[in-house]
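Taking it in order: structure first as structure tokens, then the write-up.
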Amino acid sequence: MRTSMNGLCLHQLVSRMLREDYQRRDPGQYHRMRSRTLELLTGVFPASNTLQQMQIAAHVLELYREQLPIAGTYTDFSAVRTQERQREYEPGDLPYLHRFLEASLARSDWQSELIAAGEHHALLEDIAAQDPGSIVVLCNSSGIPLGFSAGLRLHALTLPLLDRYAPAHRELLGELAGSLYSLPAEAADTLFILLAAVDTEQPYYQPEELGAMLLQSWLVYTSGGLRTIVATADNQLNLLLPLLGFQEQIQSRPKQAAPTGLIVWDLDFRQVTFEVWVQRVFQLAVQAPEAVLAEEPQSLDWKDVKQIVQHLYKDALLEEIPLVQRLGLAGEYVRQQVQHILTDKQPPYPLTELEQSLLRESYLQKNYRKSQLAEAFHMSRTTFYRHSRLAFIHLGHVLTRVLRDIDLHGDR
């Protein structure tokens with residue numbers, strides 16, 4: 001626990017553990033308190049500075065992660081700290097941004113889908129020269145970039161850049177593109193995000209955590225009255241964006257000039273304030289019937305789940321675990337269920353791909369010694385243990401559903 005200008009603060013891991021315990025013991029009261037917290041935070045948002053707004057958004061989104069379809073991938077907002085901040089682009093940032101972009105292109109990340117092959121670095125150079133205000137840089141306390149997003153504020157002077165670097169934009173934007181060719185720069189209020197990348201070499205964060213910070217940066221950056229457009233074929237983002245208030249532009253699906261599966265999304269803050277957006281996005285969660293929440297089955301304790309995974313290849317030992325004995329299950333059956341969950345191509349909610357990979361590598365494949373695992377996942381040991389515990393908690397939720405189905409159908 002530490003003191004801050006706004007009172008006492010708990011360590012993020014401790015606060016998450018306490019919330020999870022509270023939710024298990026009294027789900028109805030937990031959801032009422034969470035709703036009240038949302039009320040209070042949206043009330044203080046307008047008078048907060050940019051960093052405080054980012055932290056408020058991070059806290060609200062972290063409280064409601066369980067409502068999101070792919071929690072933990074782009075939506076693990078718990079990593080935001082006071083020392084990490086967003087700022088405007090500076091010329092000295094460019095070498096860092098090129099390095100991040102090169103690594104992103106090597107992995108074929110979603111950020112590069114729309115841009116013509118081989119033109120990404122040239123586009124970044126032109127954006128930095130002609131529209132540097134559209135670059136948002138995420139940096140550490142020393143001002144060193146950790147990631148960035150870059151696009152173009154659309155108007156008469158920037159549309160020719162889209163013609164050169166993203167020729168499919170006319171089909172993507174539909175009628176909107178035509179009107180923007182005569183728009184003066186001072187009237188531009190639409191941001192088309194074209195590039196984004198993070199530093200995968202720094203030791204403190206997983207790329208997904210930095211991606212979550214960038215996502216928040218977009219929201220805070222555009223909340224001053226901009227419309228944001230994003231085009232992506234990333235399945236996870238296409239699930240997440242509509243739950244964050246983005247609207248799909250169905251009429252502007254590309255036909256041949258852009259990659260298959262590309263979907264255009266926009267979030268319009270020109271007519272709505274950030275706090276109203278927050279309330280809209282989480283309205284269903286806030287109004288969820290408490291009776292239904294109370295009926296949710298209690299998840300298996302993560303320590304029991306860990307014990308099962310540790311003895312996964314020893315059926316006899318599995319059958320000696322008190323939890324397995326209470327359920328009357330054969331060790332072989334339990335092993336098969338866990339193996340299926342950890343090797344499934346699409347991990348079942350709320351288990352994330354990172355958590356599935358971490359458990360699979362640790363307990364199924366065992367290619368690394370325990371001392372090497374954190375390094376293999378590019379994490380500090382503290383971050384590795386935090387992700388491991390969350391992985392067991394989320395695996396417990398999945399196993400709870402599987403075992404509940406066993407009780408319903410009598411198939412063991």
Side-chain angles (χ1 to χ4, degrees), residues 13 16-17 20-21 23-24 27 65-66 68-73 75-76 206 208 235-236 239 295-379 381-412:
L13 178 58
R16 178 181 289 185
M17 291 170 63
E20 290 169 349
D21 178 67
Q23 184 177 13
R24 283 193 298 269
R65 284 181 70 230
E66 66 197 57
L68 302 176
I70 49 170
T73 305
T75 54
D76 184 356
Q206 278 290 293
E208 293 84 1
N235 289 331
Q236 294 178 338
L239 286 172
E295 291 172 1
E296 283 293 313
Q298 183 173 348
S299 172
L300 299 177
D301 188 276
W302 73 273
K303 294 178 182 177
D304 290 332
V305 176
K306 181 178 181 180
Q307 194 176 14
I308 289 172
V309 176
Q310 285 176 325
H311 299 302
L312 196 59
Y313 291 110
K314 300 174 182 177
D315 292 351
L317 287 178
L318 284 176
E319 292 175 0
E320 293 178 5
I321 295 174
L323 171 64
V324 177
Q325 290 181 344
R326 287 198 307 271
L327 296 171
L329 299 175
E332 180 184 7
Y333 180 83
V334 174
R335 171 172 51 80
Q336 290 172 346
Q337 294 303 313
V338 174
Q339 285 177 320
H340 176 72
I341 293 168
L342 297 185
T343 56
D344 198 359
K345 186 175 181 181
Q346 181 67 39
Y349 175 84
L351 192 68
T352 69
E353 290 184 7
L354 173 63
E355 293 164 354
Q356 182 195 47
S357 177
L358 187 151
L359 292 177
R360 185 172 59 242
E361 190 61 57
S362 301
Y363 297 99
L364 267 65
Q365 298 173 348
K366 300 183 180 180
N367 291 327
Y368 298 94
R369 296 193 301 272
K370 292 292 184 185
S371 59
Q372 297 175 315
L373 282 170
E375 183 178 352
F377 281 90
H378 308 289
M379 300 179 184
R381 289 195 176 187
T382 301
T383 301
F384 177 80
Y385 290 134
R386 174 167 62 86
H387 279 291
S388 297
R389 184 176 179 276
L390 280 174
F392 285 123
I393 290 172
H394 292 161
L395 178 58
H397 283 284
V398 178
L399 279 174
T400 299
R401 291 200 303 270
V402 171
L403 299 179
R404 180 181 58 188
D405 291 341
I406 292 171
D407 289 334
L408 291 175
H409 302 292
D411 181 11
R412 303 191 179 199

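- How far CD of Glu332 is from CZ of Arg335: 5.5 Å, rounded to the nearest 0.5 Å.
- Interatomic distance, CG of Asp301 versus CZ of Arg24, reported as 6.5 Å (0.5 Å rounding).
- Separation of atoms CH2 (Trp302) and CE (Met17) is listed at 7.5 Å; rounding is to 0.5 Å.
- Going from atom CG of Leu329 over to atom CD of Gln337 covers 9.0 Å, rounded to the nearest 0.5 Å.
- Taken to the nearest 0.5 Å, the CD1 atom of Ile321 stands 8.0 Å off from the CG atom of Asp304.
- Gln339 places no side-chain N or O within donor-acceptor distance of the main-chain N or O of Val334, the cut-off being under 3.5 Å.
- With contacts defined as side-chain heavy-atom distances shorter than 4.5 Å, the pair Gln307/Lys303 does not qualify.
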Test log, rule side-chain contact (heavy atoms from CB on, under 4.5 Å), inputs Lys306 and Gln310: CA-CA 6 Å; Lys306 181 178 181 180; Gln310 285 176 325; 3.4 Å; yes
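- Nearest approach of Ser388 to Leu358, heavy atoms of both residues: OG-CD2, 3.4 Å.
- Between Leu351 and Ala391, the closest heavy-atom pair is CD1-O, 3.7 Å.
- Contact between Leu318 and Ile308 at its shortest, heavy atoms only, is CD2-O, 3.4 Å.
- Under a 3.5 Å cut-off, the side chain of Glu361 and the backbone N or O of Leu373 do not form any donor-acceptor pair.
- Between the side chain of Arg360 and the backbone N or O of Leu342, at least one donor-acceptor pair lies under 3.5 Å.
- Between the Glu355 side chain and the His394 main chain, no donor and acceptor come within less than 3.5 Å of each other.
- Summarising the geometry of Tyr313 relative to Tyr363, their closest heavy-atom pair is CE1-O, 3.5 Å, with the distance given to 0.1 Å.
- Summarising the geometry, atom CD belonging to Gln356 is positioned 10.0 Å from atom CG belonging to Leu395; distances are rounded to the nearest 0.5 Å.
- At distances below 3.5 Å, not a single donor-acceptor pair connects side-chain atoms of Glu319 with backbone N or O atoms of Ala330.
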